[in-house]
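To start, the structure itself, in structure tokens.
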Protein chains: 2
Amino acid sequence: MEISTKHLPADERRALTIEAVIELAGLQNPSKITTSAIAKQMNLTQGALFRHFSTKEALWQAVMEWVKDRLLARIDQAAHNIQSPLAAMEAIFMSHIEFVIEHPGVPRMLFGELQQAEPTPAKRVAHSLVQRYIERICACIEQGKAIKEISLDVDTRSAATFFLGTVQGLVMQSLLTGDIQRIRIEAPGVFILYRRGIRG
Amino acid sequence: MEISTKHLPADERRALTIEAVIELAGLQNPSKITTSAIAKQMNLTQGALFRHFSTKEALWQAVMEWVKDRLLARIDQAAHNIQSPLAAMEAIFMSHIEFVIEHPGVPRMLFGELQQAEPTPAKRVAHSLVQRYIERICACIEQGKAIKEISLDVDTRSAATFFLGTVQGLVMQSLLTGDIQRIRIEAPGVFILYRRGIRG
DNA sequence: TAAGCTAGTGATTAATTACTTACTAGTCAT
DNA sequence: ATGACTAGTAAGTAATTAATCACTAGCTTA
């Protein structure tokens, strides 16, 4: 239909810009994405971007907020209405993996942003995303302990960090093989190992 | 004694340059380290660097080679003379953690380099480092299976990826807290979880 | 001590980058 | 249709970056 229309309303253009950044982040080092590259990706001139985002930093912040909202919503929905904490964690794990497969640039941006020396606005958002994510995993683990599904001598916080590290490890693997789809196949096996590690 | 001597022999200067890069990588996003910043870190003019490295890319390759040699040597030595495969893996894990604490820039550079779109020389080296690392972990796991220390229904490759991911997760945690030392405290607990996951 | 080489300086360069601006095309309400 | 507003263009700017170069200080050896 309307492929590559010029003159879009501002909010649509903003949304498209964010998507363009996330797509590019899947193809190259996120911290090397230039405003020219973003503009090119969406058939726009470079200057036009600054009509919608006052600075590049503001754009990155918007991107991280998009990521935060979507990812947290996704895992919340995945865990919704699942009684068993362990089963909820498995659902969160798998939905996170699906999210990463859809948007391979996301974990790369997250990690890159957390590395930033100065506390940029985007880093702040990334930080709060990870913290909230870990809080939710911690809550599952505590519930699991309460009903003896999870071993009491597991350190909750360590196990939650470990959970996220597992995803990160799968992402690293995909960077090595260059094949993102593979992590969908490997993920269940890796989650089994994780579950055996914390089970009561 | 000889603090900040000028006019060093070329190989000493090369070594100091590599160390300067690794130190800076612990403080800021590795892909944003400029040649000026490196020179400043070692009290040298920017142009002088190019007497020792033909391009910045060549410098990065040298850095990754330094990392590869040191890290592989470290884990090999850690596993040396340990009979039990599981104990060897624990020794490798802990020595890797110690290495990361000494050089927090290293895992950040590794991950960043693997993200590079074009296959730069540095990326090639990073790639081979990770592959060799994983091969060694795979070998331990296979040995462990042979003597029933490790469960036979564990997928060797997944478990090896998982091993590295665990380290990566701890690094991520340190980026969040800003405290590298903390991972030394958390590491043993996390390894216990890992071991429980694969134990026979 | 003088010659010869090595390593460092400091100024310069071309390319790239985020951002600006003067102008213009497209859209929509009246 | 017209006018007002919105979004896009294209050219430009200042700052930063990797790399170069002419020159020089300082070891080393004869």
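In what follows, every heavy atom counts, from backbone to side chain, and hydrogens, waters and symmetry copies are set aside. Just so it is clear: chains get the letters A, B, ... in the order the sequence lines come, proteins before strands, and each one is counted from 1. This structure is a prediction, so every number in the text was calculated from the model and none was measured.
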Would you say [N] has OP1 or OP2 under 4.0 Å from some side-chain N or O of [X]?
{"X": "A/Lys6", "N": "C/dT27", "value": "no"}
{"X": "A/His52", "N": "D/dG8", "value": "yes"}
{"X": "B/Arg13", "N": "C/dG8", "value": "yes"}
{"X": "B/Thr35", "N": "D/dA18", "value": "yes"}

Specify the separation, in whole Å, of atom [atom1] of [X] and atom [atom2] of [N].
{"X": "B/Arg51", "N": "C/dC5", "atom1": "CZ", "atom2": "P", "answer": "15 Å"}
{"X": "A/Gln46", "N": "D/dA7", "atom1": "CD", "atom2": "C1'", "answer": "16 Å"}
{"X": "A/Asn43", "N": "D/dA7", "atom1": "CG", "atom2": "C1'", "answer": "16 Å"}
{"X": "B/Phe50", "N": "D/dA19", "atom1": "CZ", "atom2": "P", "answer": "4 Å"}
{"X": "A/Leu49", "N": "D/dT6", "atom1": "CG", "atom2": "P", "answer": "19 Å"}
{"X": "A/Lys40", "N": "D/dT9", "atom1": "NZ", "atom2": "C1'", "answer": "17 Å"}
{"X": "B/Glu12", "N": "C/dT6", "atom1": "CD", "atom2": "P", "answer": "16 Å"}

- Task: Determine the contact category for A/Thr34: base if any of its heavy atoms lies under 4.0 Å from a base atom, sugar-phosphate if only primed atoms, P, OP1 or OP2 are that close, otherwise nothing.
- Result: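 A/Thr34: backbone/sugar contact only, no base atoms under 4.0 Å.
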
- Can you label the angle between the A/Tyr194 ring and the A/Phe163 ring as parallel, tilted or perpendicular, going by 30° and 60°?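 Taking A/Phe163 first and then A/Tyr194, their aromatic rings stand perpendicular (interplane angle over 60°).
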
- Near DNA chain C, which residues from residues 55-67 of chain A have a heavy atom under 4.0 Å away?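 Only A/Thr55, A/Lys56 qualify.
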
Just by distance, with hydrogens left out, do [X] and [Y] show a side-chain donor and acceptor under 3.5 Å apart?
{"X": "B/Ser31", "Y": "B/Gln116", "answer": "no"}
{"X": "B/Ser95", "Y": "B/Gln77", "answer": "no"}
{"X": "A/Gln46", "Y": "A/Ser36", "answer": "no"}

- Task: Flag the pair B/Glu102 and B/Arg74 as a salt bridge only when some basic side-chain nitrogen lies within less than 4.0 angstrom of an acidic carboxylate oxygen.
- Result: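 B/Arg74 and B/Glu102: salt-bridged.
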
- Message: A side-chain contact here means heavy atoms from C-beta on lying under 4.5 Å apart; do A/Leu175 and B/Phe111 qualify?
- Response: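 Of all side-chain heavy-atom pairs linking B/Phe111 with A/Leu175, at least one is under 4.5 Å.
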
